[in-house]
Amino acid sequence: MATYAYRCLECGQFEVRLPIGTAEAVRDCPVCRSPARRFFTVPNLTRLSHAASAALTREEQSREAPEVVTHVPPGRRWQPPSHPAPSRLPRP
Ligand SMILES: [Zn+2]
């Protein structure tokens with residue numbers, strides 16, 4: 001599967017995942033059904049670390065289906081920033 005980019009003059013850009021070599025030069029816009037022309041983007045050929053690749057995948061998925069959490073995940077509790085100045089203040 002490959003991701004192909006199209007540009008609708010009315011609605012802007014959209015992407016379609018299709019088997020390699022099956023993308024048409026013109027495709028109907030999924031929103032307004034007017035013809036949208038395919039355009040080429042820079043291929044994502046860089047080798048990323050596993051952590052960077054996972055973060056990129058998660059970011060892409062969150063565009064359309066963001067994760068909803070009902071509580072703070074364990075180990076990710078917010079900690080107030082520690083600054084040494086308050087500890088030097090005189091105590092009452
Ligand atoms: Zn459109």
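Both counts, for ligands and for their atoms, begin at 1 and track the order of listing.
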With a cut-off of 2.8 Å, strictly less than, protein N/O/S atoms near the Zn ion (ligand 1) add up to 4

With a cutoff of under 4.5 Å between side-chain heavy atoms, which Ile, Leu, Val, Met, Phe, Trp and Tyr residues group with Val16? Tyr4, Tyr6, Phe14, Leu18, Ile20

Spatial distance of atom CZ (Arg7) from atom CZ (Arg37) [nearest 0.5 Å]: 10.5 Å

Acceptor/donor pairs from residues 22-34 side chains to any protein atom, 3.5 angstrom cut, sequence neighbours excluded:
from: Thr22; atom 1: OG1; to: Pro19; atom 2: O; distance (Å): 2.6
from: Glu24; atom 1: OE1; to: Arg27; atom 2: NH1; distance (Å): 3.1

Mind listing the side-chain donor-acceptor pairs of residues 85-92 below 3.5 Å, one per line with the distance, residues two or more places apart or on another chain?
from: Ser87; atom 1: OG; to: Pro84; atom 2: O; distance (Å): 2.7

Does Glu67, at its CD atom, have more than 12 non-hydrogen atoms belonging to other residues, nucleotides or ligands within less than 6.0 Å? no

Main-chain N/O of His50 paired to Ser53 side chain as donor or acceptor, under 3.5 Å: no

